Amino acid sequence: MGSRPDLTMSPSEVAAFLEDPNFGVLTTLDREGWPHSAGMWFFLEGGELRMWTYGKSQKALNARRDPRSSLLVEKGEPYQDLRGVLIRGHVRVETDEDAIAAIGSRLYDRYVAPKTGLTSDEGPQVEIRRQATKRVGLVLPMEDVVSWDHSKAL
């Protein structure tokens with residue numbers, strides 16, 4: 001029986017994978033300890049994943065109560081092309097409006113601008129600033145990273 005191939009991505013492969021504008025699934029813990037999972041836009045900056053959400057959302061309430069969180073990003077079809085990263089850490093809730101607006105601008109430029117051709121500085125900034133008053137930033141440090149790339153098994 002042969003040894004199993006190492007499917008782990010290197011740190012540079014993880015960073016490159018997270019640079020693609022994929023969706024992540026953020027999991028927080030509710031007041032009874034049950035997982036609460038929600039799809040999120042995110043970006044990587046300085047070893048942390050940054051997201052935003054409404055301040056009254058369940059994930060924001062959960063993060064304030066218990067910061068233990070994870071974000072799963074996975075893509076690939078068929079199975080042998082499957083790649084993914086699971087990040088676990090203690091999420092920080094950002095309440096500074098300027099920082100929240102900066103997160104919103106980066107998310108807009110990452111996910112929306114490629115489709116519209118309009119960057120956040122070319123118009124949407126007013127709406128992003130308006131939304132920042134109702135939102136919080138969620139900052140997830142990459143404390144524990146698990147990764148897989150099934151193409152390495154070939």
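The model shown is predicted, which means the values in this text are computed figures rather than measured ones.
Considering only residues two or more places apart in sequence or on other chains, Ala113 meets the side chain to side chain contact (heavy atoms under 4.5 Å, CB included) condition with Tyr108, Asp109. Checked against side chain to side chain contact (heavy atoms under 4.5 Å, CB included), Arg106 has the following partners two or more places apart in sequence or in another chain: Phe43, Glu45. Applying the salt bridge (Lys or Arg N to Asp or Glu O under 4.0 Å) rule to Asp81 yields no partners; only residues at least two apart in sequence or on another chain are considered. For the salt bridge (Lys or Arg N to Asp or Glu O under 4.0 Å) test, no residue two or more places apart in sequence or in another chain qualifies with Arg64. Taking the side chain to side chain contact (heavy atoms under 4.5 Å, CB included) definition, one finds that Glu97 meets it with Thr133, sequence neighbours left out. In this structure Glu94 satisfies the salt bridge (Lys or Arg N to Asp or Glu O under 4.0 Å) test with no other residue, sequence neighbours excluded. The side chain to side chain contact (heavy atoms under 4.5 Å, CB included) search around Ala153 returns Pro5, Leu7, not counting sequence neighbours. Take Arg110 and apply the salt bridge (Lys or Arg N to Asp or Glu O under 4.0 Å) test, not counting sequence neighbours, and it matches no residue. Considering only residues two or more places apart in sequence or on other chains, Trp41 meets the side-chain hydrogen bond (donor to acceptor under 3.5 Å, both in side chains) condition with none of them.
For the pair Phe42/Trp52, no side-chain contact is recorded, criterion being any heavy-atom separation below 4.5 Å from C-beta on. Side-chain atoms of Ile87 and Leu49, non-hydrogen and from C-beta on, do get closer than 4.5 Å to each other. Looking at Glu48 and Arg92, their side chains come closer than 4.5 Å, going by heavy atoms from C-beta outward. Using a 4.5 Å cut-off on side-chain heavy atoms (C-beta onward), Val25 and Leu71 make no contact. Within the 4.5 Å cutoff, the side chain of Thr28 has no heavy atoms near those of the Asp66 side chain. Using a 4.5 Å heavy-atom cutoff, the side chains of Val146 and Val85 are not in contact.
Closest of all the heavy-atom pairs between Leu26 and Ser69 is CD1-CB, 4.3 Å. Closest approach of Val91 and Ala63 over heavy atoms only: CG1-CB, 3.5 Å. Nearest heavy atoms, Leu82 versus Gly76: CD1-O, 3.9 Å.
Donor-acceptor pairing under 3.5 Å is recorded for the side chains of Asp6 and Thr8. Using modelled atom types, one finds a donor on one side chain and an acceptor on the other under 3.5 Å when comparing Gln125 with Ser105. Side-chain N/O atoms of Glu74 and Trp148 include a donor and acceptor closer than 3.5 Å.
Grouping the Ile, Leu, Val, Met, Phe, Trp and Tyr side chains by contacts below 4.5 angstrom, directly or via other members, places Val93 with Ile103.
Legend: salt bridge (Lys or Arg N to Asp or Glu O under 4.0 Å) pairs involving residues 137-154, not counting sequence neighbours, sorted by first then second residue: Glu13-Lys152, Arg88-Asp144. Counting only residues at least two apart or on different chains, the ring-ring contact (aromatic ring centres under 6.0 Å, His included) pairs with a member in residues 65-99 are Tyr79-His150.
Shown here is Glu77, whose CD atom has no more than 12 heavy atoms of other residues, nucleotides or ligands within 6.0 Å. Counting non-hydrogen atoms of other residues, nucleotides and ligands closer than 6.0 Å to CZ of Arg129 gives a total above 12.
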Atom pairs and distances, side-chain donor-acceptor, residues 31-38, under 3.5 Å, sequence neighbours left out:
from: Ser37; atom 1: OG; to: Thr27; atom 2: OG1; distance (Å): 2.8

